Colleague: 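Next up is a structure, given as structure tokens.
Fair warning: this is a prediction, and the values are worked out from it, not measured in the lab. Lettering follows sequence order; numbering is per chain, from 1. Just so you know, these numbers use all the heavy atoms, side chains as well, and skip hydrogens, waters and symmetry mates.
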Amino acid sequence: MQILIPDSWLREYLYTDAKPKEIQKALSLCGPSIERMQKVGDDYVYDIEVTTNRVDMMSVYGIAREAAAILPRFNHQAKLLSDPFSAKLSFETSSFVDYLKVKVDPSLCLRFSAILIKNVSVKPSPDWITKKLELVGMRGLNNVVDISNLLMHEFGQPIHTFDYDKIAYHTMTLRESRVGESLTTLDGKTHKLPGHDIVIEDGSKKLIDLCGIMGGANSAVDDETKNVLFFVQTYEPSHIRKTSMALSHRTSAAVLFEKGLPIESVLPTMEKALPLFKELTGGQPETTAIDIVNEKPYSKTLTAPPDFINSRLGINLTPKEIRDILTNLGITDKIPWWRKNDINIPEDFVEEVARIYGYHNLPARLMSGPLPTARTNDSEFYWISNIKSALKHWGFVETYTYSLIPQDSGLKLKNPLSDDWKYLRTTLIPSLKSIIQENLGRVKELNLFEIANVYLPRKNDLPQEVLHLAIGTTRKDWFYLKGVVESLFNYELGITVGFNENKEVFSYENCLVFEINLQEQISRATSIRKFTPISQFPAIIEDMNVTLSSKYDTLISQIKKVSPLIKNIELIDKYADKLTLRLTFHSDDRQLSSSDLAPVREKLSKLFAQ
Amino acid sequence: MREKLLNLKNQALAQIISAENPDELERLRAHYLGKKGVLNELAKDLPHLEPALRAEIGQLFNEIKTAISQAISSTPKVQNRTLVSFDLTVPGMKPPQGHLHPVTKAIEEISGIFEKIGFIRVRYPEVDWDWYAFETLNMPKGHPARDDWETFFIDAPEHPKLGKIVLTPHTSNGQVREMERLGRPPIRMVNIAKCYRRQSDVSHTVMFHQFEGLVVDENINITHLKGTIDYFVKQFFGPDRKSRLRPYHFQFTEPSFEVDVTCDVCLGKGCKLCKEGWLELGGAGMVHPNVLKAGKIDSDKYTGFAFGWGVERTYMMKSGLKIPDLRLLYSNDIRFLNQF
């Protein structure tokens with residue numbers, strides 16, 4: 001959540017000798033982050049990020065309270081000038097008043113409070129209010145609405161104002177909505193309600209308020225309004241959140257209510273409003289406010305021994321240092337009401353002490369202690385890295401493509417962001433092909449590869465995530481691609497893999513693509529090589545021209561069978577079915593002579609003549 | 001005669017080695033090997049030798065002739081000099097040059113740094129149960145904190161206990177899974193995986209990578225988190241970059257921090273590209289006791305810390321590598337990939 005706080009407004013509640021820049025630095029290090037600070041005239045406006053657990057800081061007073069605890073740690077003087085939340089109330093409260101008949105579902109509204117202000121004159125606000133509102137990005141509308149906005153910003157408590165005379169029979173029933181009921185909010189939008197929203201119905205059964213989000217148009221204050229019902233509530237947060245999300249109606253009030261506001265801030269906000277109403281609208285409040293409380297008064301004690309806090313901090317603070325830090329935040333063993341949402345366990349004390357002490361003041365150490373057990377398939381990363389490096393050095397470019405593709409037999413997303421990203425892929429080929437298509441013409445030749453998981457669906461289970469390797473080349477030469485694959489697996493992984501058309505390798509108009517389950521290959525990979533003693537006797541190497549009449553591998557195995565002296569056969573050249581083979585003849589125990597080779601040559605020429 | 005020949009050879013070779021230009025080399029060739037050269041002159045004496053000596057000297061004569069002519073043609077100076085027009089500023093012939101994707105480079109570098117201080121690299125599902133992605137991370141259903149992750153769901157029936165199948169919006173699903181794998185501390189993992197969020201703009205891609213660190217053991221405290229982050233920042237970004245922790249809030253850590261690194265452009269002084277000299281790296285914190293409990297680890301005895309940061313984001317912040325649109329990383333334009 002973001003909130004804008006003018007420096008001048010902050011100083012209405014905070015005395016400090018710290019300059020705006022110093023406030024920005026101190027708060028960012030120890031409290032809410034002040035991301036930016038803007039100079040407006042001779043004032044500054046802080047743009048503050050408040051985390052969702054600290055709705056108590058979503059107000060001028062909340063930030064002042066936090067600053068008063070933090071600034072002294074930076075050697076600045078700082079103290080709160082007043083506490084509006086402990087002010088004595090100038091009005092009575094009762095659960096029954098004669099001016100408003102009320103029925104409230106206690107599970108929806110934790111505190112229902114309202115007071116009637118009679119004889120208001122609705123008109124534009126004086127400059128000091130509109131200027132204040134402008135600094136925080138709000139536009140002045142009229143004195144009644146402006147007072148509500150001003151106080152919401154000052155105390156973090158949303159307020160609504162009804163035109164009292166538009167509430168039929170001055171009767172309100174606060175209940176859950178029924179599916180399909182509809183309501184027009186004061187911004188003119190008509191909402192068909194999803195059901196279970198908190199609403200108020202008046203004596204004529206019409207809905208007049210979408211509680212916690214926005215009031216109804218039919219009961220809104222306008223220029224003719226004479227009597228105002230000043231309305232301050234605490235709602236059950238999850239209802240507000242659901243409705244606001246379902247209707248995509250994210251008002252400032254909803255954002256605050258859904259975080260869970262304390263019932264304790266309701267009456268002080270009202271107390272602050274009444275003199276403003278008298279001054280700006282001439283209105284006269286009733287002496288008694290209606291106040292229905294459906295929550296027990298808050299009282300929680302929580303303790304943590306200093307040892308516990310120190311063990312988490314990693315330093316040794318004295319009990320007094322710890323107590324001082326917490327007391328400055330208003331925390332004793334009794335948790336203050338404005339922190340009831342976020343201080344629940346001893347670790348929460350650790351955070352308070354640590355941040356106010358200053359994370360920047362803590363030392364940095366590396367941990368000692370034993371190391372954990374590695375995974376059994378820990379070498380996976382080693383092999384992947386080797387494969388990537390080999391392909392890179394052979395001129396291949398690595399790609400990373402989205403695992404989400406427009407069409408696949410794999411798992412489908414329930415909430416895709418676009419038609420291009422609808423399915424989890426079960427193969428890398430379509431992505432590789434489309435990159436090749438896009439890059440054609442940009443370079444002479446494309447040689448690409450990708451290593452990524454594919455996601456294979458399984459019934460009633462998570463998909464199986466399998467690491468695949470895909471290699472694609474626009475050089476439409478099977479021998480080139482096969483050579484790369486063979487070198488990769490034979491030399492880098494010490495294994496052989498299949499290279500079958502339409503199984504591992506596919507031919508397309510512009511490219512050849514190879515894809516394989518890499519995980520399976522890696523599980524067989526080995527860096528152990530068999531040592532063959534190097535013969536002391538020189539080899540005899542001869543090139544032979546052969547016309548291929550069978551499959552190449554058949555021919556090779558036939559040649560190998562001819563003599564154990566044939567140690568190696570290499571394909572040197574190939575043109576149509578004419579091959580040049582380089583044969584290495586070799587013996588481990590003697591120097592070969594012509595007479596050794598004569599019978600071998602004879603057998604070979606017979607074989608080749610077939 | 002024999003001695004005379006050997007001396008001649010030594011003299012010739014010495015002259016060839018010290019020849020300074022092609023003309024001189026050509027002159028030496030003519031002098032020794034030419035029609036009227038020294039060797040040919042000597043050859044005239046051969047027939048006058050005794051037959052036994054003749055064969056021996058004849059062989060030597062040939063050897064010397066070959067040696068001299070080889071020396072002239074094969075000395076590298078000669079080759080250079082014969083290519084008089086060779087321009088050394090012309091680029092050489094390069095072996096084929098492939099490229100690794102920047103994300104791979106970043107991942108290898110990041111995991112290398114953590115492995116040095118005893119972190120085990122692991123891999124956990126990228127498509128996982130709600131249970132691991134949210135529920136065990138102290139984010140019960142309907143919790144507003146779940147909004148921070150714009151999550152993709154799979155169109156499949158829910159598991160009665162583990163819930164929906166989600167595309168993991170962070171690598172934190174590895175936390176409880178690693179606790180389950182090891183059974184009990186020590187835990188020191190770095191989980192690097194693909195993550196997915198329903199967001200696509202200049203600074204977000206629907207798919208990205210995160211690295212998640214998790215340390216759980218006896219007596220782990222905030223100073224260890226600080227030490228680990230400092231170590232990483234210095235190793236990865238360089239010794240002149242600093243890190244800091246700011247208070248933040250995450251459901252699965254308490255306390256929680258936001259980690260900043262000094263800006264690579266202004267080095268912390270403050271400039272247009274950063275927030276008062278700092279860039280946000282990502283979140284971190286001390287593991288929430290509820291997360292330890294979900295991983296069946298005694299939260300009274302053990303404590304821990306965790307952090308999870310974007311690989312792409314961290315890499316971008318490294319070296320003034322200014323990529324205006326993060327989506328370029330996944331565009332796979334060859335003209336982009338060839339730059340790395």
Colleague: What part of B:Asn338 gets closer than 4.5 Å to chain A, counting heavy atoms only: side chain, backbone, both or neither?
Modeller: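 For B:Asn338, the contact with chain A is made by the side chain alone.
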Colleague: Is B:Phe208 close to chain A through its backbone or its side chain, or both, or neither, when contacts mean heavy atoms under 4.5 Å?
Modeller: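 Neither part, no heavy atoms under 4.5 Å.
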Colleague: What part of B:Arg181 gets within 4.5 angstrom of chain A, counting heavy atoms only: side chain, backbone, both, or neither?
Modeller: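 Looking at B:Arg181, just its side chain touches chain A.
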Colleague: Is B:Leu245 in contact with chain A via its backbone, its side chain, both, or neither, using a 4.5 Å heavy-atom distance?
Modeller: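 Both backbone and side chain of B:Leu245 come within 4.5 Å of chain A.
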Colleague: How long is the straight-line distance from CZ of A:Arg365 back to OG1 of B:Thr223, given to the nearest 0.5 Å?
Modeller: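 Those atoms lie 4.0 Å apart.
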Colleague: So which of A:Arg36, A:Met367, A:His360, A:Arg54 has the largest heavy-atom pair count under 4.5 angstrom toward chain B?
Modeller: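 Max contact count across the listed options: A:Met367.
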Colleague: Quick one: ring-ring contact (aromatic ring centres under 6.0 Å, His included) partners of B:His159, sequence neighbours excluded?
Modeller: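 B:His159: ring-ring contact (aromatic ring centres under 6.0 Å, His included) contacts with B:Trp129.
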Colleague: Look at the rings of B:His209 and A:Tyr400 and say which category their plane angle falls in: under 30° parallel, 30 to 60° tilted, over 60° perpendicular.
Modeller: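 Judged by the thresholds at 30° and 60°, the geometry between B:His209 and A:Tyr400 is perpendicular.
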Colleague: Any luck finding a side-chain donor-acceptor pair between B:Thr205 and A:Tyr402 under 3.5 Å?
Modeller: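 Their side chains do not contain a donor-acceptor pair, so the 3.5 Å distance test is not met.
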Colleague: Going by residue number, which parts of residues 226-233 of chain B are within reach of chain A, meaning a heavy-atom gap below 4.5 Å?
Modeller: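 Residues B:Lys226, B:Gly227, B:Thr228, B:Asp230, B:Tyr231 are the ones that qualify, each having a heavy atom under 4.5 Å from chain A.
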Colleague: Side chains of A:Ser403 and B:Lys194: is there a donor and an acceptor less than 3.5 Å apart?
Modeller: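 Note: A:Ser403 and B:Lys194 side chains miss the donor-acceptor criterion.
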Colleague: Could you tell me which of B:Ile187, B:Thr303, B:Val103 has the largest number of non-hydrogen atom pairs under 4.5 Å with chain A?
Modeller: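 Answer, by heavy-atom pair count under 4.5 Å with chain A: B:Val103.
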Colleague: Counting only heavy atoms from other residues, nucleotides and ligands, does the tally under 6.0 Å from NZ of B:Lys234 exceed 12?
Modeller: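 Buried by this count: over 12 neighbours within 6.0 Å.
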Colleague: Going by distance alone, is a donor N or O of one side chain under 3.5 Å from an acceptor N or O of the other, for B:Glu108 and A:Ser385?
Modeller: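 Side-chain D/A pair, B:Glu108 to A:Ser385: present.
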Colleague: Below 4.5 Å from any heavy atom of chain B, which atoms of A:Trp394 appear? Answer side chain, backbone, both or neither.
Modeller: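 Contact with chain B involves the backbone of A:Trp394 alone.
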Colleague: Between B:Arg121, B:Gln97, B:Arg244, which has the largest tally of heavy atom pairs under 4.5 Å with chain A?
Modeller: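 Result: the option with the highest number of such pairs is B:Arg121.
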Colleague: Contact part of A:Pro32 toward chain B, heavy-atom cut-off under 4.5 Å: side chain, backbone, both or neither?
Modeller: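 Neither part; nothing is under 4.5 Å.
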Colleague: Quick one: what part of B:Ser243 sits under 4.5 Å from any heavy atom of chain A, side chain, backbone, both or neither?
Modeller: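 Neither part; nothing is under 4.5 Å.
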